[in-house]
Amino acid sequence: MPHKINRTIITAFLISISLSLGVNVFADQYTHDIKLTKFDKPPAGEKNNINKIANAQRKLQALRYSSKNARKLRNVHPKAHGCVNAKFTVNKDIKKELQVGLFSKPGHTYENVKIRFSNATTEISDDIDKTRKSSRSRGMAIQIPNVEKILGKKVLSIPRQKGTQDFLMINQPTFAFKNVEDYLEITNLQIAELELKGEIPSSVLTFLGFSKEGKPTKHFREAQIIGVLSNTPLADPLETQYFSAAPFLFGDNQVMKFSAKPCAETAQVTPNDPSPDYLRQAMKKSLNEGEACFDFLVQVPPIPEGNFSEILGLEDATFEWIEEQTHLAEFPGKFKKGISYTKVAQIMIPKQNFDTRANDEACENLELSPWHSLAEHQPVGSINRLRNPIYSESAKGRKNRMGQQMKKKNQIRQKN
Ligand code: HEM
């Protein structure tokens with residue numbers, strides 16, 4: 001099912017989907033030895049491939065970034081539109097069967113919640129690439145503190161976890177790569193692209209087997225998602241819906257995907273001549289004028305008889321759970337219909353000025369990961385297993401670099 005995709009859009013999107021490339025990863029360890037859920041079905045050899053990707057990230061890091069970089073930023077989503085303070089309130093009337101994990105205290109308000117809005121590029125760049133007129137994938141990352149204490153429930157025991165429940169989302173219901181195998185292929189191509197500096201076609205075009213006519217000849221589902229991701233306009237980060245894309249546990253015997261949706265419909269008018277940081281400006285204006293609100297929704301399908309993993313696409317992050325209508329064109333074998341969203345909580349972002357140097361600094365220092373989670377919401381599936389070592393190693397990398405810089409500064413001060 002070939003889908004024609006504008007070559008320039010794909011090329012522009014190249015940068016933004018270079019997910020995780022350049023991560024300073026020294027991990028040899030696989031998923032930090034966490035017991036996998038009964039919904040995980042890793043293929044033979046996966047551990048090996050995750051380690052290969054983790055080590056490849058280190059190489060990409062060396063190829064991409066000069067050591068003169070003033071400060072090491074996140075290797076994916078480095079550009080924040082801003083971090084905001086919020087409250088996360090579980091519905092008072094949440095159905096009994098949905099009172100699971102974080103949602104087990106009806107009416108409870110989690111305070112001091114942080115939300116970081118970002119672009120999914122690997123570099124700090126304009127919010128819209130004007131030369132190519134392409135947009136970018138966007139992120140919304142929520143961190144709810146003290147859940148372990150408040151709920152008296154276990155969080156997953158991985159390095160750098162501080163008893164929080166994090167929810168990381170992008171503004172599409174599917175991820176651009178289906179599993180570890182896909183990711184290894186694109187990672188290797190990106191290394192080749194960087195090493196051969198323009199002598200071979202772009203890694204994404206190669207990954208999709210792009211023909212001279214501008215059509216992919218393989219990975220058609222990925223091509224479809226990449227095309228949509230790079231062409232989704234956005235007026236204000238507070239005005240779009242975000243999705244987990246990958247599945248997570250919902251108690252011992254069920255799985256969920258989650259989503260944050262603006263409480264009210266919005267007009268979504270992108271400015272004619274957007275400034276490089278227009279999304280920060282838009283969010284600043286909105287929150288100077290008043291509060292913002294998102295409904296937090298979950299999809300919790302019944303577990304089907306038979307091969308539930310395949311029927312629900314649990315090992316495939318390009319698989320969509322559709323309520324009624326898909327965000328993409330229907331793609332055979334890549335969706336399950338009739339999985340409805342239920343509102344379980346509300347996120348209130350009070351009127352505030354987040355655009356200060358101190359707040360940006362605190363925002364930069366946040367560490368978010370899908371594996372910062374209650375055991376009852378453990379990440380599930382191939383792409384999530386891959387993310388386990390990557391996020392903590394990335395955070396460790398940027399913190400180590402900062403530590404070294406502080407030490408250098410102090411040494412210089414002492415000398416003087
Ligand atoms: C369902 C798929 C995915 C979603 C929804 C997602 C979403 C996000 C979001 C929203 C952030 C920003 C977090 C923040 O604001 O601090 C982020 C960061 C990051 N992502 Fe992903 N991501 C996905 C898959 C991946 C994959 C497959 C990799 C690589 C293996 C990856 C690597 C990273 C890294 C390294 C960071 C920065 C971590 C840090 O330094 O704190 N992501 N991701």
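Both ligands and their constituent atoms are indexed starting at 1 by order of listing.
Close contacts between ligand 1 and Leu368 involve ligand atoms 14 (C), 15 (O), 16 (O) [criterion: under 4.0 Å to a heavy atom]. Short contacts between ligand 1 and Ala141, defined as distances under 4.0 Å to a heavy atom of the residue, involve ligand atoms 13 (C), 14 (C), 15 (O). Close contacts of ligand 1 with Ser244, meaning ligand atoms under 4.0 Å from a residue heavy atom, involve 1 (C), 5 (C).
Comparing heavy-atom distances from atom 21 (Fe) of ligand 1 across Tyr391, Phe177, Tyr242 singles out Tyr391 as nearest. Of the options Arg385, Lys114, Met169, Arg387, the smallest heavy-atom separation from atom 6 (C) of ligand 1 is shown by Arg387.
Salt bridge status for Glu310 with Lys41: absent, with no side-chain N to carboxylate O gap under 4.0 Å. With respect to Asp127 and Lys79, a salt bridge is recorded, a charged nitrogen being found less than 4.0 Å from a carboxylate O. Note on Lys154 versus Glu148: no salt bridge recorded, every NZ/NE/NH1/NH2 to OD/OE distance being 4.0 Å or above. By the 4.0 Å N-to-carboxylate-O rule, Glu239 lies too far from Lys261 to be salt-bridged with it. The existence of a salt bridge linking Glu289 and Lys285 is confirmed by a sub-4.0 Å separation between a basic side-chain nitrogen and an acidic carboxylate oxygen. For the pair Glu367 and Lys396, the salt-bridge criterion is not met [side-chain N within less than 4.0 Å of a carboxylate O].
Geometrically, Lys257 engages Trp321 in a cation-pi contact, judged by NZ or CZ lying under 6.0 Å from the ring centre and within 45° of the ring axis.
At a 4.0 Å cut-off, at least one heavy atom of Ile170 sits close enough to ligand 1 to count as contact.
In Leu386, the part holding a heavy atom less than 4.0 Å from any atom of ligand 1 is the side chain.
An N or O contact shorter than 3.5 Å links Arg74 to ligand 1 by distance. Residue contacts with ligand 1: Glu367 is placed with no nitrogen or oxygen under 3.5 Å of a nitrogen or oxygen of the ligand (distance criterion only). For the pair Arg116 and ligand 1, the shortest N or O to N or O distance falls below 3.5 Å.
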